[in-house]
Amino acid sequence: MQRGTNGSLRLAAALVLLAAGTSSVGCTKETTPTTGTTTPTTPTTPTSTTYNELWIPPTITGTTFNLTLGKSSKQFRSGAATNTYGYNGANFWGPTLIMNKGDSVQMNVVNNLSDSTTTHWHGFHIAPQMDGGPHQMIAPGATWSPAFVVRNNAATYWYHPHLHEKTYEQLTMGAGGLIIIRDPAEAALSLPRTYGSDDIPLVFSSRRFLTSNQFSKNIAVDVYGDYMLTNGTLQAQVTLPKQNVRIRMLNAEIERALNIGFSDNRTFSVITNDGGLLDAPVPVTRVLLLPGERVEIVANLSGDAVGTSLDLKAYNAGQSFGFPGGEGSPVTPTGNAGPAFGSLLNNTTFNLLHINVGAATPTAVASIPATLANNRYWTTADVTNSRTISITGGQAGGAFQFDNKVFSHTVINQTVKLNAVEKWTITNNNIFGHSIHLHDVQFKIISRSSGAVAPYESGWKDTFYIPLGASVVVIAKFEDFASTANAYMFHCHFSNHEDEGLMGQFLVVP
Ligand code: C2O
Ligand code: CU
């Protein structure tokens with residue numbers, strides 16, 4: 001029922017900007033009509049110096065992973081608690097699953113919601129029946145028990161609901177969790193890996209609250225939250241030891257991109273992409289992370305004095321139109337009467353985590369290796385087939401689509417031969433940027449029409465940013481799993497766009 005609304009509002013926002021003769025979204029003061037369906041939010045300043053301790057999700061290790069998704073609630077603000085979803089009793093989000101490459105794992109997911117769900121193992125190279133996409137529905141009260149061998153490299157992955165037209169809602173309610181895969185190659189390296197001590201998981205997602213304190217979740221307009229939740233914690237702070245610290249970051253936002261860096265502009269090292277270690281640490285001061293993407297970084301706090309503090313921030317102010325989360329202005333929206341797609345955080349620089357520097361631990365890693373891996377990436381010389389997929393639609397009255405086809409369960413959009421090495425060119429010529437995710441494979445980004453592929457995204461990827469007006473070329477090998485009946489998904493990882501139809505199915509056939 002929401003289909004098309006987002007696209008048309010987006011177009012309206014774009015036209016407002018064009019009419020204003022500016023590509024900067026910060027100065028527009030135009031407003032769009034309210035939808036009339038949402039209780040106004042309580043406008044308060046999004047910044048304060050009162051911090052809450054960062055929640056570190058508990059871990060589950062071994063080869064059997066039992067997850068139960070259920071309703072919960074969390075006290076985010078004074079007054080009423082907020083209704084949420086969580087796995088295994090968490091009041092938002094879920095436990096971190098730690099798996100070893102090569103293990104055969106048994107997953108058991110119990111659905112205690114009153115609605116169906118699915119559980120997708122994002123980034124995993126597994127058979128389509130085990131993937132947890134829209135096809136592997138778990139009815140209320142039912143248990144889904146896929147089993148598979150963990151084939152992916154050591155890195156940070158995640159699980160989340162993927163039921164068509166429910167992904168946005170269930171993610172917004174808090175359903176999701178991290179997966180850490182370990183392998184011998186990564187274990188042999190001198191890297192921080194004490195979970196919760198010098199190896200910190202960070203999941204970023206923001207929410208808008210109604211005056212009732214419930215999450216505002218109108219898919220047509222609530223695509224950017226007003227308040228950042230880091231691991232489900234508002235105004236999060238953590239004490240980190242005065243040493244090299246590994247930070248595993250997931251952008252679990254609905255639509256907002258995060259241009260991440262430290263408040264003192266210090267250089268840090270990117271060590272992994274979505275699907276494994278980079279060949280070498282990549283020094284940066286900013287890393288752009290789109291919804292669905294993960295990156296592990298190492299920040300060196302050894303030169304910081306105990307008792308000092310710094311902030312991890314999203315430098316999202318001043319981006320050009322098409323940057324997800326640049327729309328609207330930072331003026332306080334009341335309900336949805338603010339600028340189209342506005343939010344308190346849009347087009348601003350805001351805190352992700354306040355870091356207090358504490359004493360070093362006895363196991364501090366003094367320096368990280370100059371070489372991390374020796375990846376053999378696919379190149380154009382390996383390619384056996386090429387295809388081009390265009391992002392279309394988004395104009396007034398229409399949802400975003402791939403190749404003018406809104407997602408349908410009964411349509412197979414692409415068919416790939418098992419063992420093909422394929423070059424996929426995704427083009428995006430209208431309206432807005434997106435975050436594109438392919439199931440089944442880890443790929444290599446070969447080129448971007450908008451400029452060079454950044455060294456920090458030069459590794460194995462399963463999700464990538466496609467800016468407005470750009471095309472991106474990736475190469476993947478589709479190996480090991482084939483089926484003429486069970487499809488994998490490719491889609492925009494903005495769950496509102498995905499639910500509205502910017503998703504397709506591909507078969508890998510023998
Ligand atoms: Cu993270 Cu198809 O999803
Ligand atoms: Cu999108």
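Numbers here are sequence positions counted from 1. Start at 1 and go down the list; that is how both ligands and their atoms are numbered.
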Around atom 1 (Cu) of ligand 1, how many protein N/O/S atoms fall inside 2.8 Å?
-> 3
Between H120 and H439, is a side-chain contact (heavy atoms from CB on, under 4.5 Å) present by the stated rule, with each step listed?
-> CA-CA 10 Å; H120 171 53; H439 290 209; 3.1 Å; yes
Candidate list S471, S390, S449, test side chain to side chain donor-acceptor pair (under 3.5 Å), partner T427, passing option = S390
Answer yes when R448 and E457 have at least one side-chain N-carboxylate O distance shorter than 4.0 Å, and no when they do not.
-> yes
Take the Cu ion (ligand 2) as the vertex and measure to ND1 of H434 and ND1 of H497; round to 10°.
-> 100°
Pairing of E186 and K101 as salt bridge, 4.0 angstrom limit | no
Evaluate salt bridge (charged side-chain N to carboxylate O under 4.0 Å, His left out) for E422 paired with K417, printing each intermediate quantity in order.
-> CA-CA 9 Å; E422 295 220 349; K417 286 208 174 70; over 6 Å; no
Note: R294-D462 ion pair, threshold 4.0 Å (strictly below) = yes
Can you tell me the N, O or S atom of H439 that's nearest atom 2 (Cu) of ligand 1?
-> NE2
Mind checking whether F215 and F209 have parallel, tilted or perpendicular rings, split at 30° and 60°?
-> tilted
